[in-house]
Protein chains: 2
Amino acid sequence: MISKACQYGIRAAIFIASRRNDGIKLNVKQIACEVDAPEAFTAKILQELNKHRIITSLKGPYGGFFIEEFQLEQPVINIVNAIDGMSVFKECGLGLKQCSASHPCPMHDQYKIARDALQNAFQQTSIRHLALQVNEGSSFINNLVLKN
Amino acid sequence: MISKACQYGIRAAIFIASRRNDGIKLNVKQIACEVDAPEAFTAKILQELNKHRIITSLKGPYGGFFIEEFQLEQPVINIVNAIDGMSVFKECGLGLKQCSASHPCPMHDQYKIARDALQNAFQQTSIRHLALQVNEGSSFINNLVLKN
DNA sequence: TTTATAAAAGATGGTTTTATCTTTTATAAA
DNA sequence: TTTATAAAAGATAAAACCATCTTTTATAAA
Ligand code: FES
Ligand code: FES
């Protein structure tokens, strides 16, 4: 549906948002660990999110990644756009070069419903909202580890 | 969303179904050409669909691919299952190892709506139904070629 | 039975995605 | 200014996916 890079990116952004307070900054190691993502790959993704101003970074000692107040209100779809682009929300479900109502594939009507629902899911949800859920303990950005 | 192999497979199956009449059989070249798919790759996919009894094949002269009456009623999700498997309809949208309501990711509720809509799209549509649309001329399994 | 035909099976190559490692740059504190 | 720290940038490696090519097998007609 969306790439692994994008999934890691969303989880990371939510985590950073969930830990936002005073001037605290998080480094790659902490972030990757907390969201169950490979560290070096996460670094690349965070770099990309910083370029797109989804999050903010600061180099050097006491540096790291953090999210600013104005960035919290962004919809999650901004992250998808930064990493995967918007094509998943536009492309034909059966792989035709163009998706259009005037030259539709046989599944166009049904597929479009699902595709639009997916777009709405990412469009109508802000990073702040998701971070809040995590802080409440009602949802999680890491895997459940089952005990013996 | 779904793999290219799967998209080609669905288009090919619909095409074969749309040409079903008497004992006519279609060969790979014709099918690949009509659905705008690479020929050798299409051969591999048709092979897989035959294994899963989505379509039927016969080797030798006057052989080729065709679809039997009882196969027409199958939902398109059977093709997705044969090629990609069912994981796309079960997996967490944010990449957690398990999608569950008891340990949900922050997007679980919204994502599940879209994912279920996608599953319904493929589950509630039969190959026959889509082939009929193509025969009516109301939808297409190949790309629109724009003239000068 | 021989021959031609078309799919099946198996081997191989290219591209994209996922992931890691090394070097460089920025920055804050000492 | 020096030093330590952490991200940025760039190079490289591994895996998955997309695609093609060659050899084998099945089958129908001559
Ligand atoms: S044309 Fe295929 S989904 Fe729109
Ligand atoms: S847990 Fe993420 S979609 Fe269900």
Side-chain angles (χ1 to χ4, degrees), chain A residues 1-13 16 23-33 35-68 80 82-85 87-88 91 94-95 97, chain B residues 1-13 16 23-33 35-68 80 82-85 87-88 91 94-95 97:
Chain A
M1 212 79 111
I2 64 177
S3 71
K4 281 194 165 198
C6 193
Q7 295 175 333
Y8 294 146
I10 295 173
R11 301 220 304 270
I16 294 167
I24 205 175
K25 299 179 195 74
L26 302 159
N27 63 34
V28 174
K29 179 166 266 185
Q30 291 175 279
I31 296 167
C33 178
V35 304
D36 281 343
E39 188 179 324
F41 194 30
T42 301
K44 279 290 175 213
I45 297 161
L46 291 172
Q47 205 174 311
E48 200 64 22
L49 293 183
N50 176 54
K51 272 184 197 160
H52 282 81
R53 309 206 184 270
I54 309 288
I55 58 176
T56 305
S57 72
L58 195 70
K59 289 184 182 179
Y62 299 82
F65 296 93
F66 58 102
I67 193 161
E68 299 181 74
V80 178
I83 296 172
D84 286 354
S87 52
V88 69
E91 284 172 349
L94 298 189
K97 283 174 191 166
Chain B
M1 210 79 114
I2 64 177
S3 71
K4 283 197 163 195
C6 194
Q7 295 176 332
Y8 294 146
I10 295 173
R11 301 221 303 272
I16 294 167
I24 205 176
K25 297 179 196 75
L26 303 160
N27 62 34
V28 173
K29 180 166 269 185
Q30 291 175 278
I31 297 167
C33 178
V35 305
D36 281 343
E39 189 179 322
F41 195 30
T42 303
K44 278 291 175 211
I45 297 160
L46 291 172
Q47 205 173 313
E48 200 64 23
L49 293 183
N50 176 55
K51 271 182 198 162
H52 282 82
R53 310 208 182 270
I54 309 288
I55 58 176
T56 305
S57 73
L58 194 69
K59 288 184 183 180
Y62 297 83
F65 295 93
F66 59 102
I67 192 162
E68 299 181 74
V80 178
I83 295 171
D84 286 354
S87 53
V88 69
E91 283 172 347
L94 297 190
K97 284 176 190 163

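Predicted, not measured: the structure shown is a model, and the values here were computed from it. Chain naming here is simple, since letters A, B, ... match the order of the sequence lines and numbering starts at 1 in each.
- Contact annotation: the side chain of A/Met1 never approaches that of A/Val88 to less than 4.5 Å [non-hydrogen atoms, C-beta and beyond].
- Residues from residues 23-32 of chain B that place a heavy atom under 4.0 Å from any atom of DNA chain C, listed by number: B/Leu26, B/Asn27, B/Val28.
- Counted within 6.0 Å of NZ on A/Lys4, heavy atoms from surrounding residues, nucleotides or ligands total 12 or fewer; the atom is thus considered open.
- Which of C/dA7, C/dT18, D/dT20 sits closest to the side chain of A/Phe41 comes down to C/dT18.
- Remark: P of C/dA19 and CD1 of A/Ile83 are 13 Å apart, rounded to the nearest angstrom.
- Put simply, the side chain of A/Ser3 reaches to within 4.5 Å of the side chain of A/Ile83, judged on heavy atoms.
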Atom pairs under 3.5 Å: protein N/O with N/O of nucleotides 28-30 of chain D:
none

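- Here the rule is side chain to side chain contact (heavy atoms under 4.5 Å, CB included) with A/Ile31, and of A/Ile45, A/Leu46, A/Ile55 only A/Leu46 fits it.
- In this structure, A/Val80 and A/Ile10 approach most closely via the heavy-atom pair CG2-CD1, 4.2 Å.
- Here the closest non-hydrogen pair linking B/Phe66 and B/Ile24 is CB-O, 3.7 Å.
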Task: Dot-bracket notation for DNA chain C, counting Watson-Crick and G-U pairs under 3.5 Å, with | for partners on another strand - done: ||||||||||||||||||||||||||||||
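- In this structure, the CD1 atom of A/Ile45 is 15 Å from the C1' atom of D/dA7, given to the nearest Å.
- A straight line from CD of B/Glu39 to C1' of C/dA7 spans 12 Å, rounded to a whole angstrom.
- The minimum heavy-atom distance between B/Gly9 and B/Leu49, with the atom names listed, is O-CD1, 3.7 Å.
- B/His52 has its NE2 atom 16 Å from the C1' atom of C/dA8, to the nearest Å.
- Between A/Gln47 atom CD and D/dA9 atom P there is a gap of 5 Å when expressed in whole angstrom units.
- Proximity of A/Ser57 to the phosphate of D/dA8: a side-chain N or O atom is located under 4.0 Å from OP1 or OP2.
- At whole-Å resolution of the value, CZ in A/Phe65 and C1' in C/dA26 are 13 Å apart.
- Here the side chains of A/Gln7 and A/Ile2 are in contact, with some heavy-atom distance below 4.5 Å.
- Atom CD of A/Glu48 and atom P of C/dT17 are 13 Å apart (whole Å).
- A close approach under 4.0 Å does occur between a side-chain nitrogen or oxygen of B/Tyr8 and OP1 or OP2 of D/dA19.
- The interatomic distance linking A/Ile54 (CD1) with D/dA7 (C1') rounds to 18 Å, in whole Å.
- Side chain of B/Gln30 to backbone of B/Asn27: a donor-acceptor contact under 3.5 angstrom is found.
- In the interface, the side chain of B/Lys44 is paired with the base of C/dA9 through a donor and an acceptor atom under 3.5 Å apart.
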